[in-house]
Amino acid sequence: MDPQTQNTSLQRLQNVENRVVKVLELAGGVMEELASPSGPKKEFVNSHCREFMQSMKDIQVTLREEIKSACEYRPFEKCDYNARIANEICFQKLEYVLTQLDDLKQTADRYPSSG
């Protein structure tokens with residue numbers, strides 16, 4: 001992985017981070033709408049939930065691609081212990097996040113859409 005590729009990878013991960021923030025804002029907006037004293041507006045909730053789920057799918061695809069790319073990268077095969085351990089820790093954290101996202105999707109799927 002040359003410096004240009006590494007920089008591009010970091011930019012993609014930063015974009016993912018920004019998208020994660022956006023989906024959390026979407027989820028917060030839906031929760032606020034659901035708690036509205038006048039009742040939730042179905043179209044608002046539906047459109048935000050659709051956008052949330054599509055964004056989550058996009059984030060998962062990007063993260064899986066970046067994990068695969070990082071796992072294939074071995075610049076110093078015999079002396080990259082620290083990098084490999086750090087990579088493994090990051091991989092475990094991302095797997096946990098993906099599991100939580102799958103659980104969130106299952107929870108969201110339990111509620112009937114009114115579309």
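- Put simply, the side chain of Glu66 reaches to within 4.5 Å of the side chain of Ser9, judged on heavy atoms.
- One distance of note links OG of Ser47 with CG of Leu26; it measures 9.0 Å at 0.5 Å rounding.
- The distance from the CZ atom of Arg12 to the CZ atom of Arg19 is 10.5 Å, given to the nearest 0.5 Å.
- Contact of the Val20 side chain with the Val97 side chain is not registered, since no non-hydrogen atoms from C-beta on lie closer than 4.5 Å.
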Test log, rule salt bridge (Lys or Arg N to Asp or Glu O under 4.0 Å), inputs Lys57 and Glu51:
CA-CA 10 Å; Lys57 289 176 186 176; Glu51 185 178 351; over 6 Å; no
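- The distance from atom CG of Leu63 to atom NZ of Lys68, rounded to the nearest 0.5 Å, is 15.0 Å.
- Atom-to-atom distance recorded for Ile67:CD1 and Leu13:CG is 9.0 Å, nearest 0.5 angstrom.
- Side-chain heavy atoms closer than 4.5 Å link hydrophobic residues (I, L, V, M, F, W, Y) into clusters, and following such links, even through other members, never connects Met53 to Val30.
- In summary, the aromatic rings of His48 and Phe52 are positioned with their centroids too far apart to meet the 6.0 Å limit.
- In this structure, the side chains of Thr107 and Arg110 come closer than 4.5 Å at one or more pairs of heavy atoms.
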Determine whether Gln11 and Asn15 satisfy the following criterion, side-chain hydrogen bond (donor to acceptor under 3.5 Å, both in side chains), listing intermediate values before the conclusion.
CA-CA 6 Å; Gln11 288 171 340; Asn15 289 337; over 6 Å; no
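- For the atom pair CG of Leu101 and CD1 of Ile59, the computed distance is 7.5 Å after rounding to the nearest 0.5 Å.
- By the 4.5 Å heavy-atom criterion applied to side chains, Met56 and Leu104 are not counted as neighbours.
- Side-chain atoms of Arg64 and Leu98, non-hydrogen and from C-beta on, do get closer than 4.5 Å to each other.
- Using a 4.5 Å cut-off on side-chain heavy atoms (C-beta onward), Glu33 and Lys41 make contact.
- Remark: Glu95 CD to Glu88 CD distance equals 9.5 Å, nearest 0.5 Å.
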